[in-house]
Amino acid sequence: MAAANLLEFDLDGLAAYCDSLGEKRFRAVQLFRWIHRKGEADFSRMSDLAASLRDKLGAVAQVVAPPLISETVSGDGTIKWLFDVGGGDAIETVFIPEAERGTLCVSSQAGCAVGCRFCSTGHQGFSRNLGTGEIVGQLWFAEHRLRARLGFGDGQRVISNVVMMGMGEPLQNYSALLPALRVMLDDHAYGLSRRRVTVSTSGVVPMIDRLRDDCPVALAVSLHAPNDALRDVLVPLNRKYPLQELLQACARYLDAAPRDFITLEYCMLDGVNDSTEQAHELLRLVQQPWPGASALPVKFNLIPFNPFPESGLTRSSAERVAAFAAVLQDSGIVTTVRKTRGDDIAAACGQLAGEVRDRTQVQRRMTREPIRIHASVPGRVL
Ligand code: SAH
Ligand code: SF4
């Protein structure tokens, strides 16, 4: 029988596993702390566990992150790790150091089924969901590797924020995501506050409600368009969950959210979604998202498009981004423009593609003939 990977478990899961070995819950807590707080993978070094338990674990369990393929460090200090998740697939994890925080951008799937037009992961197609151990493994690996490198002690954390903004749509892998979030938040593990863990979604409406009920963390919604006609093209999931339904789900989420706003991400695509008219349309959308509704409390995060060869799209100029941002800011909505980090190592948003196998089939499918947006929609033909 394959050894159980203990990174698969949140604390309750580990307690259940320990119970199956005839061990009490407090043993699971000790084990959990060794693994996540100290980064220990060798049971024989877990000195306060009974020798019999250490031996037993050594025979039936292990603590392993996905095998590392490469580490690339950008000129701005951003680090990108590529992990092998088997079957010719790789996933990427990115660490972004800043003065006041260290953010880890974590992947949830190998590839992605949503297929957004401007996203390199989407162009790659969907391979498979990651397991909880593969999601947690990215954090476990990164935190402890960086701590060792920086000479940090047990109590000092390097990663202060996690964003589920790597490869994949986290809310299409909910059953693996949920225990992973619980590990991130658990005081016996990483102890991150709910405000510092962000799930970013392209808008899987029923799962936004599930997340609110099960484990509300900060929510970012990838909007990218001020109306359904354009969003249908850019984010195909919009055909299933159109804007009104999505914004209603955001409003429901706010009842339980750790922050009193939803972050709306908007990737700035030159001549597609970046005109000041579209900024005004966006304003109207959030100020009255459905008939009779009051304004939705949101912040905008404008992301300059990070180009990749197959997209056929270009980044909006700094002037167009500034003019778009000014429309939103002038109406009192907090709007930030995301700094592009790590683009010299293809670690910026939407550039993660985990290139390991020949994906020409998928790419041929994705670079099909141009789609025409309905004539009344501002924006050019994609
Ligand atoms: N699937 C989730 C999370 C991963 S994508 C989601 O879509 O929200 C994380 C963010 O990167 C999203 O806001 C996404 O729209 C953005 N993104 C994708 N491709 C991009 C690109 N080429 N340039 C800039 N941002 C991009
Ligand atoms: Fe998937 Fe997000 Fe990329 Fe869209 S932007 S294809 S949802 S990873």
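The model shown is predicted, which means the values in this text are computed figures rather than measured ones. Counting convention: from 1, in listed order, for ligands and their atoms alike.
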Using heavy atoms and a 4.0 Å limit, tell me yes or no: is Pro307 in contact with ligand 1? no
Phe308 vs Phe118, test: ring pair (Phe, Tyr, Trp, His ring centres under 6.0 Å). Steps then yes/no. CA-CA 9 Å; Phe308 57 98; Phe118 50 84; 8.8 Å; no
Nearest-0.5 Å distance that lies between atom SG in Cys250 and atom CD1 in Ile262: 5.0 Å
Note: heavy atom closest to atom 6 (S) of ligand 2, options Gly166, Cys116, Gly125, belongs to Cys116
Do Trp34 and Val63 come close enough that some side-chain heavy atom pair is under 4.5 Å? no
Parallel, tilted or perpendicular, judged at 30° and 60°: which one describes the rings of Phe83 and Phe141? perpendicular
Would you say Cys267 contacts ligand 1, with heavy atoms under 4.0 Å as the rule? yes
Close side-chain approach of Gln30 to Asp48, heavy-atom, < 4.5 Å: yes
Under 3.5 Å between some N or O of ligand 1 and some N or O of Phe308? no
Proximal candidate to atom 14 (C) of ligand 1 [heavy atom criterion; set Glu169, His224, Gln172]: His224
Evaluate the ring pair (Phe, Tyr, Trp, His ring centres under 6.0 Å) criterion for residues Phe324 and Tyr266: first the C-alpha distance (whole Å), next the side-chain angles of each, then the deciding distance (0.1 Å), finally the verdict. CA-CA 11 Å; Phe324 194 95; Tyr266 197 99; 5.0 Å; yes
Indicate if the distance from atom 3 (Fe) of ligand 2 to the nearest N, O or S atom of Cys119 falls below 2.8 Å. yes
Can you check salt bridge (Lys or Arg N to Asp or Glu O under 4.0 Å) on Asp209 and Arg252, steps first, answer last? CA-CA 7 Å; Asp209 288 327; Arg252 291 193 295 274; 3.0 Å; yes
Who's the nearest protein heavy-atom neighbour of atom 1 (Fe) of ligand 2, and how far? Cys112 SG, 2.3 Å
Among Pro236, Gly122, Ser202, closest by heavy atom to atom 7 (S) of ligand 2 is Ser202
Relative to the heavy atoms of Met164, which atoms of ligand 1 are at a distance of less than 4.0 Å? 3 (C)
Among Ser202, Gly168, Ser200, closest by any non-hydrogen atom to atom 1 (N) of ligand 1: Gly168
Hey, does Val73 have a side-chain heavy atom less than 4.5 Å from the side chain of Lys80? no
Would you call the rings of Tyr190 and His36 parallel, tilted or perpendicular if under 30° counts as parallel and over 60° as perpendicular? perpendicular
Say you draw a straight line from CG of Asp89 to OG of Ser127; how long is it, rounded to the nearest 0.5 Å? 3.5 Å
For Gly115, is the nearest heavy atom under 4.0 Å from an atom of ligand 2? yes
Ligand 1 atoms nearer than 4.0 angstrom to some heavy atom of Thr201 are 6 (C), 8 (O)
Near Glu265 (heavy-atom distance under 4.0 Å), the atoms of ligand 1 are 10 (C), 12 (C), 13 (O)
Show me which atoms of ligand 1 lie under 4.0 Å from any heavy atom of Cys119. 18 (C), 19 (N)
Min heavy-atom dist Cys116 to ligand 1 below 4.0 Å: no
Candidate list Leu104, Thr198, Thr103, test side chain to side chain contact (heavy atoms under 4.5 Å, CB included), partner Asn161, passing option: Thr103
Given that the side chain starts at C-beta and the backbone is N, CA, C, O, which of these parts of Ile303 lies under 4.0 Å from ligand 1, counting heavy atoms, or is it both or neither? side chain
Any side-chain to backbone donor/acceptor pair from His224 onto Cys267? Under 3.5 Å, distance only. yes
Quick one: which of Cys105, Ser107, Cys112, Gly166 has a heavy atom closest to atom 4 (C) of ligand 1? Gly166
For ligand 1, which atoms sit closer than 4.0 Å to a heavy atom of Asn306? 21 (C), 22 (N), 23 (N), 24 (C)
What residue and heavy atom of the protein are closest to atom 2 (Fe) of ligand 2, and at what distance? Gly168 O, 4.4 Å
If we only consider heavy atoms of Met167, is any one of them less than 4.0 Å away from an atom in ligand 1? no
